[in-house]
Undergrad: 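Would you mind keeping the following structure in view while I ask a few things?
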Amino acid sequence: MDLKKIAEEMQPRSMAARDWVFQVIRTAIVRGELPGEMPLRQDEISTALSVSHIPVREAFRQLEAQGLVRIYPNRGAVVTKLSCKELSDVMDTRILLEVGALRLALPHITEEDLARARELLELFSKEKDPIKGAELNLKLHFSLYDPCDNQTLLSLIDQMHANVDRYITPFFGKEEVSAELYTVDEHSQIISACESKDTELATAILRTHLQRTKNLLLKSPLLY
């Protein structure tokens, strides 16, 4: 469990210790470095991150609230592992939330928002590192959702992403699947529809894109 590397990426630490530890562990889970059913040892994490047990325990509770960790009496914290049915349910919920967010956001999307989305798409299209590519993909989606101005909705979408993104890892390096998940053309079509203020077209393309993602994720060997 190499949390030090992720911790170094997130320096300088400008947030509360609990939130910083939460972000480090969450990132490790999303990247697949802490796989499902792996026990999380407070002592090891405290030592690796040079913090006391208190922020680690608090981070565990935050992770449990997001469905990434389960805390068992007399056993401690364990990374959750989704079943096919659970992942299917999460993706169905994610589709509803993201399509709804885009529908709410579209009347308020500005030229600056669209320029940012195009900029992220350009970076994304050139990125070779799969981890960075996944992060750019998420930023691209949120650049179109943020104008909905509903932080509760955006937080729920972020939580859904964290719960399913860790199951994309097995597909990295398989060009035919990566192309399906991260199609530049499909993202460009969504942005173009947003530029035209065509809500029905934009949400239809997004729904198709997310449904394809769901179908591929359900083939993940990490599920049970």
Undergrad: Just do the side chain to side chain contact (heavy atoms under 4.5 Å, CB included) check on His53 and Asp43 with the steps written out, would you?
TA: CA-CA 7 Å; His53 285 188; Asp43 289 345; 2.7 Å; yes
Undergrad: Donor-acceptor check, side chain of Tyr167 to backbone of Leu87, threshold 3.5 angstrom: yes or no?
TA: no
Undergrad: Does anything in residues 148-162 pair up under salt bridge (charged side-chain N to carboxylate O under 4.0 Å, His left out), and if so which pairs, sequence neighbours excluded?
TA: Arg26-Asp158
Undergrad: Quick test of your reading of the model: are Glu9 and Arg31 salt-bridged, counting only N-O distances below 4.0 Å?
TA: yes
Undergrad: Considering residues, nucleotides and ligands other than Lys139, do more than 12 of their heavy atoms fall under 6.0 Å from its NZ?
TA: no
Undergrad: Are Leu218 and Leu210 connected in the hydrophobic side-chain network, where two residues link if heavy atoms are under 4.5 Å apart?
TA: yes
Undergrad: Please give me the minimum heavy-atom distance between Ala7 and Leu49, naming the atom from each residue.
TA: CB-CD2, 3.7 Å
Undergrad: Can you confirm whether Arg166 sits close enough to Val79 that some side-chain heavy atom of one is under 4.5 Å from a side-chain heavy atom of the other?
TA: yes
Undergrad: For the pair Lys5 and Glu33, find out whether any cationic side-chain nitrogen is under 4.0 Å from an anionic carboxylate oxygen.
TA: no
Undergrad: Where do Ile157 and Ala101 come nearest, in terms of heavy atoms and distance?
TA: CD1-CB, 3.7 Å
Undergrad: Using a 3.5 Å distance criterion without hydrogens, assess whether the side chain of Ser188 forms a donor-acceptor pair with backbone atoms of Val184.
TA: no
Undergrad: What's the separation between atom CG in Leu222 and atom CG in Leu82, rounded to the nearest 0.5 Å?
TA: 10.5 Å
Undergrad: How about Arg118: does its CZ atom have over 12 heavy atoms from other parts shown lying under 6.0 Å from it?
TA: yes
Undergrad: Give the minimum heavy-atom separation between Leu206 and Ile190, together with the two atoms involved.
TA: CA-CD1, 4.0 Å
Undergrad: Considering non-hydrogen atoms only, spot the tightest contact between Leu153 and Leu104 and give its length.
TA: CD2-CD1, 4.0 Å
Undergrad: Please evaluate residues Thr203 and Arg207 with respect to the criterion side chain to side chain contact (heavy atoms under 4.5 Å, CB included), reporting the C-alpha separation (whole Å), side-chain torsions for both, the decisive distance (0.1 Å), and the verdict.
TA: CA-CA 6 Å; Thr203 53; Arg207 184 184 298 276; over 6 Å; no
Undergrad: Identify whether Met15 and Ile45 are in the same connected component of the hydrophobic contact network (ILVMFWY, side-chain heavy atoms under 4.5 Å).
TA: yes
Undergrad: Does Lys197 use its side chain to pair, donor to acceptor, with the backbone of Ile109 at less than 3.5 Å?
TA: yes
Undergrad: Between Arg41 and Thr47, is there a side-chain donor-acceptor contact under 3.5 Å, judged purely by atom types and distance?
TA: no
Undergrad: So, using side-chain hydrogen bond (donor to acceptor under 3.5 Å, both in side chains) as the criterion, who are the partners of Ser143 when residues are at least two apart?
TA: none
Undergrad: Should Leu123 and Leu144 be regarded as members of a common hydrophobic cluster, given that ILVMFWY residues are connected when their side-chain heavy atoms come within less than 4.5 Å of each other, either directly or indirectly?
TA: yes
Undergrad: Check whether any side-chain N or O of Asn163 sits under 3.5 Å from a backbone N or O of Gln66 as a donor-acceptor pair, and report yes or no.
TA: yes
Undergrad: For the backbone of Ala204 and the side chain of Thr208, can you confirm whether one donor and one acceptor N or O come within less than 3.5 Å of each other?
TA: yes
Undergrad: Just jot down the salt bridge (Lys or Arg N to Asp or Glu O under 4.0 Å) partners of Glu122, sequence neighbours excluded, or say none.
TA: Lys126
Undergrad: List for me each residue that meets salt bridge (Lys or Arg N to Asp or Glu O under 4.0 Å) alongside Arg57, sequence neighbours excluded, and say none if there are none.
TA: none
Undergrad: Going by heavy atoms in the side chains, are His161 and Glu98 under 4.5 Å from each other?
TA: yes
Undergrad: Linking Ile, Leu, Val, Met, Phe, Trp and Tyr through side-chain heavy atoms less than 4.5 Å apart, which residues share a cluster with Ile54?
TA: none
Undergrad: Does Arg18 have any side-chain hydrogen bond (donor to acceptor under 3.5 Å, both in side chains) partners at least two apart in sequence or in another chain, and if so, which?
TA: none
Undergrad: Rest of the hydrophobic cluster containing Val78 (Ile/Leu/Val/Met/Phe/Trp/Tyr, side-chain heavy atoms under 4.5 Å)?
TA: Tyr72
Undergrad: Rounded to the nearest 0.5 Å, how far does CD of Gln151 lie from CG of Leu156?
TA: 10.0 Å
Undergrad: Looking at residues at least two apart in the chain, or sitting in another chain, which of them share a ring pair (Phe, Tyr, Trp, His ring centres under 6.0 Å) with His141?
TA: Tyr145, His187, His209
Undergrad: So, taking the atom named CZ in Phe60 and the one named CG in Leu68, what distance separates them when rounded to the nearest 0.5 Å?
TA: 12.5 Å
Undergrad: Would you give the length of the straight line joining atom CG of Leu120 to atom CG of Leu138, rounded to the nearest 0.5 angstrom?
TA: 10.5 Å
Undergrad: Does the side chain to side chain contact (heavy atoms under 4.5 Å, CB included) test come out yes or no for Leu3 and Leu34, once each step is laid out?
TA: CA-CA 9 Å; Leu3 295 180; Leu34 297 177; 4.2 Å; yes
Undergrad: Mind checking what makes side-chain hydrogen bond (donor to acceptor under 3.5 Å, both in side chains) contact with Asp198, not counting sequence neighbours?
TA: none
Undergrad: Using side-chain heavy atoms (C-beta onward) and a distance below 4.5 Å, is Val69 in contact with Ile29?
TA: yes
Undergrad: Please report the shortest heavy-atom distance between Val21 and Ala59, naming the atom on each side.
TA: CG1-CB, 3.7 Å
Undergrad: About how many Å separate CG of Leu217 and CZ of Arg212, when rounded to the nearest 0.5 Å?
TA: 12.5 Å
Undergrad: Would you name the heavy atoms of Val56 and Ser46 that are closest together and state the gap between them?
TA: CG2-OG, 3.5 Å
Undergrad: For Ile71, does its backbone N or O pair with a side-chain atom of Glu64 as donor and acceptor, under 3.5 Å?
TA: yes
Undergrad: Does Lys128 have any salt bridge (Lys or Arg N to Asp or Glu O under 4.0 Å) partners at least two apart in sequence or in another chain, and if so, which?
TA: none
Undergrad: May I have the step-by-step check of side chain to side chain contact (heavy atoms under 4.5 Å, CB included) for Cys148 and His108, ending in yes or no?
TA: CA-CA 7 Å; Cys148 79; His108 309 290; over 6 Å; no
Undergrad: May I have all residue pairs that pass salt bridge (charged side-chain N to carboxylate O under 4.0 Å, His left out) and include part of residues 100-114, sequence neighbours excluded?
TA: Arg103-Glu200
Undergrad: Are the side chains of Leu102 and Cys194 in touch, meaning some heavy atoms are under 4.5 Å apart?
TA: yes
Undergrad: Between atom CG of Asn137 and atom CD of Glu127, what is the distance when rounded to the nearest 0.5 Å?
TA: 12.0 Å
Undergrad: With sequence neighbours excluded, what pairs up with Arg61 under the salt bridge (Lys or Arg N to Asp or Glu O under 4.0 Å) test?
TA: none
